[in-house]
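To find a chain, count down the sequence lines: A is the first, B the second, and so on, and within it residues start at 1.
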Amino acid sequence: MRKSFFWFCSILMLASYFWVNSFSSTHAMHIAEGFLPIKWVIIWWIAFLPFLFIGILQLRKLFRNSPEMKMVLGLSTAFAFVLSALKIPSVTGSSSHPTGLGFGTILFGPMIMSVVGFVVLLFQSLLLAHGGITTLGANAFSMAVLGPFVAYGVYKASKKMNVHHNVSIFLAAALANLATYVATSFQLALAFPDSVNGIIGSFMKFASIFAITQIPLSIVEGLLTVMVLNFLAKY
Amino acid sequence: MIIDTIANQQRLSTIHPIEKFIFAIGCLLTTVTLRDVGLSLLIFFIMSMIIIIVMDIHILLYLKLLSLPLLFILTSIISILFTFSLEPYSGEDLIWSGEIGPIFIFILFTNFEVAIELFLISIGSVTCIYFFILSTPVHELLFVLSRLRLPKELIDLISITYRFLFMLMETAIQMYYAQSTRLGHRSFRISLRSFSILIPNLFIQTLKKRTEMQQAIDSRGADELILSFTYEGKVNKKHLFFLFFFFIILFSGKVFFE
Amino acid sequence: MTVPILQLENLSFSYPDRTNVLKNINLSFSPGRKIAVLGNNGAGKSTLFLHLNGLLRPKNGTVYFKGQPLKYKKKELVQLRKSVGLVFQQADSQIFASTVRDDVAFGPKNLGLAKEEIEQYVDEALRLTEMTNYSRRPPHLLSIGEKKRVAIAGVLAMKPEVIVLDEPTAGLDLYYSDRLLHILSSIHQNGTTIILSTHDVDFAYEWSDEIIIMNNGETLYSGDGHGAFSDEGILSRSHLHKPWILDIVNQFEEIPSHADFPKSRDQLLHWLSQKIGRK
Amino acid sequence: MTVPILQLENLSFSYPDRTNVLKNINLSFSPGRKIAVLGNNGAGKSTLFLHLNGLLRPKNGTVYFKGQPLKYKKKELVQLRKSVGLVFQQADSQIFASTVRDDVAFGPKNLGLAKEEIEQYVDEALRLTEMTNYSRRPPHLLSIGEKKRVAIAGVLAMKPEVIVLDEPTAGLDLYYSDRLLHILSSIHQNGTTIILSTHDVDFAYEWSDEIIIMNNGETLYSGDGHGAFSDEGILSRSHLHKPWILDIVNQFEEIPSHADFPKSRDQLLHWLSQKIGRK
C-alpha cells in the first residue's frame, strides 16, 4: 500500500514536472505582456478556457474522492515551477517527459494537467515576470495544452514503431519542446503578418530568430530527460 | 523571487488589494485595448512614478526588472522590423535595404511604425503588471481571486503551490551549492550530469515533505487542507470613485485627441 | 489522585521496514506538569509523540486518553487531537497557508467554531507566541525562530490541554530559545501540560518536573530529574552527560539538601559563592 | 609569518532585496588552526561560509586565497573549491547518489582523477569518517549522524586543505556529536584547517584555537576563546552565554594562570577538586 502510493505520487509528480517543463523555461518564448492585440488576447483565452474549465471540474471530483491529492498536486506544481526557475547553465532547463506525461495523462487526463500548467505560468508571470496576464491565454494554449499532447503522441508513436526506449524519451521531450516554440512563432505570426510575405513569411521570421535559442535548448532538454529517468530507474 | 520579497515589504500594503487590482488591470486593459502610443507612454510614466516614488523602489532595481521581458520583446520586434524577399523592392515606404547573397532585406516604414508602437505598448503594459505584482503579495491576490468567485479548487492549488515553491526552491539552491562546492558544475558536461542527479533528488525530498505535511494536517484535526483567505480592512469607497474618474478621464482624453 | 491525561500501557510499535521502534512502553502523563523526554537520535521519541496524538496506532498495547482506551474512531481522534496538540520538529512542514494568520486559523476552523471564536482563539495564540505583529507575513519570509512560534501558535489556537513539542529548541540560538522558553512558561501558567523532547540535559534538568529517558525504543527511566541524573548506569547506557550543575555540586563533600539544591545556573553560582565564602 | 590560506578584506554582501547581510568583514584564516564561528541565527555565518568557497561573490571587498585576490575566474574557482571544502548543515540536500561510496566519489570524479586515485581518495575519506562499513548502503537509510559523516566524507575525498562545516553538531545527540568531534580531530591531525559554526559556547571554548563572533553581519570579535568570553559587552550584544567553565572559575577569587586554566569539563572538575581539597 505504502509502496504503491509512493509510485503513484512519483508518477504524478514526474508527469507534471516533465510535462509542465516542456514549456516552462524557454524563457525567451513567453509572449510578453501587452504584446498581443486585444483580438488575439481574446481568441487565445477562448481557445484555452475549455481546457481549464474541464480540468477544474475534474480536479473538483479528484479532491472530493481523495482530499490528500490537493497537497500532492500542489507539491507537483511547485516542483515543476522550481525546475523551470533553476538556471541550468547555458541551458534554461526545461524538458517534457513522455512516460511521466503518459502516466499522468492516463491517471488524470490532460485536462488536469492543463490546470497545473496554467498555475505554473501564472506564477512565472507573477513572481518572475515571464509572460503576462493578457497573454496568459496564448501562452497556456501553446505550453500547457499543445506541448504535452505532442510529447504524449510522439512517445506513443515511437513506442509503436519499436524505437529504443531512450530514443523515444529523447524524441518526445525534444519534439514537445520544439512544438511549443513553433506554436508560439505561429501565434506571433498570426498577430503580426509580414506586410510583403504575409503570415507564412512572418512565421518564418519568428521561427528562425527563436531557433537560435530554442533548438539547442530542446536537444539539451531531451538529453537531460533521458538522464534523469535513467537515474531514477537505478534508484 | 525578488518580486515576492518586495511585494511583502513595500509601502502600499495598507491599500486594499481590490483597489490595486482594479487600478492595475484597468490600466492594463486600457493600454492593450486602445493601443495608443501616447496613452501607453502616459501609463508608463504614471506607473513608474508610483513604483519609484510612492513605493520607494530603487530605480536601478526597477530598471533591472524592466529589462527582464526585453529579451523577448526585442527579438520579436527585430523580426517584425525586417522583411526578406528574393526580389528587390522599391516602394515609397522603404527606409533601408540590403542584401545577403540572393536575399534582399528591407525595413519598411509601416513595419517600422508597427515595431515602435508595439515596443511602447508592451513597455506600458509591462509596467502595469509590475505595479500589480510589486504592490500586491500573493496572499492578497488570493483574497482577490476568492472574492472574484473563481473556482475554489484553482485558488487552493495556487495557494498550496505558492507555499511549497519557496520550500523547494530553498532545497534546490542548497543542492546546487553542495554540488558546486564539489566541482559539480565546472563544465557543461559535468553540470548536465549533476543536474540529472539533482532533479530526482529534489523530487525525493519533495515526497518526504508530503509525508511530513500530511501528518501535520492530520494532527490539527483535519484530513483535508481547507484554506481560508482573509484580509483585514475594507475597500475605500473614495478610492473607488477616484479610480472611476481616472478611467473616464483616460478614455475621454483618448476621444478628445482623436 | 487525578486521572492521567494520557497513559500508555505496554505500547509497542514497528514500522513495516524496521524492527521494533517502540518496545513495551508504560508511561503516564499527569495534567499540569512539565515533562522532558531525553534520548539519543533514533531512540523513538518522535514515534512516541506520534502515538500521543493518534497519528500512529500501536502494534500492541493501549493508549488511554483521560482514562478511556483509544479505539481510533474518527470522533475520538478529533477529540484527542483537539486536546493534545503536537508541534513537529520541522517547522516548515507544518505551515500550510500563505499568511501566518490564515495558518493559525486552520486548526480552529477544523474544530468547526464560529467566526468570532476563531478570531479570538487566533488572536490569543498569536499574542501568547508574540507573533501578533507578523500576522500578515507569508511564512517563507520568517526566520527559523519565528516559524517555530507560528507552528506553536497553530497548535495553541486549538486550546489544547496538552502540548507536545518535538525538539523545540533544535537549531535555535540562545536568543530565540530563551524567547521560546518564555513562551512555554506562559503557556504552562495557563494550565497547559507540556511534554517536550530535547538533547539538552542542562535545560531538561532545570526546566522539567519530570524526566523520561528513552533508549532504543525503551523507557530507561521515568521520574524526577535528580533520580534520572544520579544513576550513572542509565546515563551511560543512554549516552547522556550529567548536567553541569550536578557534576559541579558533586565535587563538594557536603551535598545540599533537596530544597536547597541548585537547579539553574544562577542558583548554582549563588550556591557556589556562598559555599566558598563560608569556608 | 605564514600566508593566511583565506583572507577577507572589507567584505560586504547584500541580497538584491534585502539590506546588508555582511558588513565590512575583515578576517584571516591561518593554516592548521581550529576556528569556531559563533553568532545568532541570521548573523551571517552561512553567508560568510558561502564566500569562503566562492559560491557567493562579495558586493564589496576582496577574498584572498593564499595571498592572491580572487577574481572569480573559472580556473581559480576550481582551484579554490578543491582546496576549501564546504559541508552544509542539511545533510539531506548534499547527498545525491544511490550508495554512500558513489556519493563520496562525486567530488574526486569531478576533479578528473584517474580511477585508482579516485578509489584511493574515497577509501581514505570513508576510513577517516568511520564509514567504510557503510560504503554500499543507500544514504537515505542512514541515521542523521551517519548522513553527516557521509557529507563530510564527500568533501574530504577531494583532499581539501581547509574544511568548513556549517553547524556540524546541530540535531545530533551526544553519542554522534562525540564521534563527530573525534573525526574532526583526526582530520585536523592530518594537517587540515577546520572552520566551523556552532551555537554551543562550551564546545567552542573547549575545542577551538580561535573564536569569531558574528552579529547582524558584523564581526564583533576575532581572537582566542578567553578574550571572547571575558568581554561581557560582546556576549550580551551577541546573545551568547558565558561557558560554564568560565562562569564557575570566576566564582573563585584566585584565577588560575593561563597555562593551568581548565578548558574541558574534566579539567574543570579536576581543578575544582584540587581547589576544594587544598583549602
Where do [X] and [Y] come nearest, in terms of heavy atoms and distance?
X        : Y        : answer
A:Val82  : B:Ala172 : CG1-CB, 3.9 Å
B:Thr161 : A:Gly74  : OG1-O, 3.7 Å
B:Val32  : A:Thr134 : CG2-CG2, 4.2 Å
B:Leu225 : A:Lys70  : O-NZ, 2.9 Å
A:Met71  : B:Arg210 : CE-O, 3.3 Å
A:Leu188 : B:Ser76  : CD1-OG, 4.3 Å

Give the member of [options] that has the highest number of heavy-atom pairs under 4.5 Å with chain B.
options                     : value
A:Leu52, A:Ile56, A:Leu223  : A:Ile56
A:Ser66, A:Gly131, A:Ala78  : A:Ala78
A:Phe192, A:Phe123, A:Phe63 : A:Phe123

Requested in this report: Tabulate, in ascending numerical order, the residues of residues 104-112 of chain B having at least one heavy atom closer than 4.5 Å to a heavy atom of chain A, or enter 'none'.
Outcome: B:Leu108, B:Thr110, B:Asn111
Query raised in the report: Which residues, numbered in order, of residues 131-141 of chain B come under 4.5 angstrom of chain A by heavy-atom distance?
Result: B:Ile133, B:Val138, B:Leu141
For [X], is it the side chain, the backbone, both or neither that has a heavy atom under 4.5 Å from a heavy atom of chain A?
X        : result
B:Leu202 : both
B:Leu28  : side chain
B:Ile80  : both
B:Ile73  : both
B:Ile173 : neither
B:Arg163 : neither
B:Thr31  : neither

Requested in this report: Show your reasoning for whether side-chain contact (heavy atoms from CB on, under 4.5 Å) applies to B:Ile121 and A:Phe35.
Outcome: CA-CA 7 Å; B:Ile121 291 168; A:Phe35 211 79; over 6 Å; no
Given side chains that start at C-beta, do those of [X] and [Y] come closer than 4.5 Å, heavy atoms only?
X        : Y        : answer
A:Leu126 : B:Ile3   : no
A:Met227 : B:Phe195 : no
B:Ser122 : A:Glu33  : no
A:Met204 : B:Phe84  : no

Report the option among [options] that has the most heavy-atom pairs separated by less than 4.5 Å from atoms of chain A.
options                               : answer
B:Leu168, B:Leu29, B:Leu198, B:Ile197 : B:Leu168
B:Ser194, B:Pro151, B:Pro200          : B:Pro200
B:Ile226, B:Val126, B:Ile158          : B:Ile158
B:Ile129, B:Leu68, B:Asp4             : B:Ile129

Output the distance between atom [atom1] ([X]) and atom [atom2] ([Y]), rounded to the nearest 0.5 Å.
X        : Y        : atom1 : atom2 : result
B:Thr33  : A:Lys39  : OG1   : NZ    : 14.5 Å
A:Phe79  : B:Gln205 : CZ    : CD    : 10.5 Å
A:Gln58  : B:Glu153 : CD    : CD    : 12.0 Å
B:Met213 : A:Leu75  : CE    : CG    : 7.0 Å

Query raised in the report: How would you list, by chain and number, every residue that makes a side-chain contact (heavy atoms from CB on, under 4.5 Å) with A:Ser185, sequence neighbours excluded?
Result: A:Met29, A:Tyr181, A:Phe203, A:Phe206, A:Ala207
Query raised in the report: Step by step, would you call B:Leu165 with A:Leu127 a side-chain contact (heavy atoms from CB on, under 4.5 Å)?
Result: CA-CA 11 Å; B:Leu165 273 186; A:Leu127 301 177; 3.5 Å; yes
Query - Part of A:Pro37 within contact of chain B (heavy atom distance under 4.5 Å) - result: both
Query raised in the report: chain B heavy atoms under 4.5 Å from A:Leu122: which part of the residue, side chain, backbone, both or neither?
Result: side chain
Query raised in the report: Are the side chain of A:Lys205 and the backbone N or O of B:Thr83 linked by a donor-acceptor pair below 3.5 Å?
Result: no
Requested in this report: Not counting sequence neighbours, which residues clear salt bridge (charged side-chain N to carboxylate O under 4.0 Å, His left out) with B:Lys152? List them please.
Outcome: B:Asp156
Requested in this report: Apply side-chain contact (heavy atoms from CB on, under 4.5 Å) to the pair B:Phe72 and A:Phe210, showing each step before the final yes or no.
Outcome: CA-CA 9 Å; B:Phe72 173 85; A:Phe210 283 113; 4.0 Å; yes
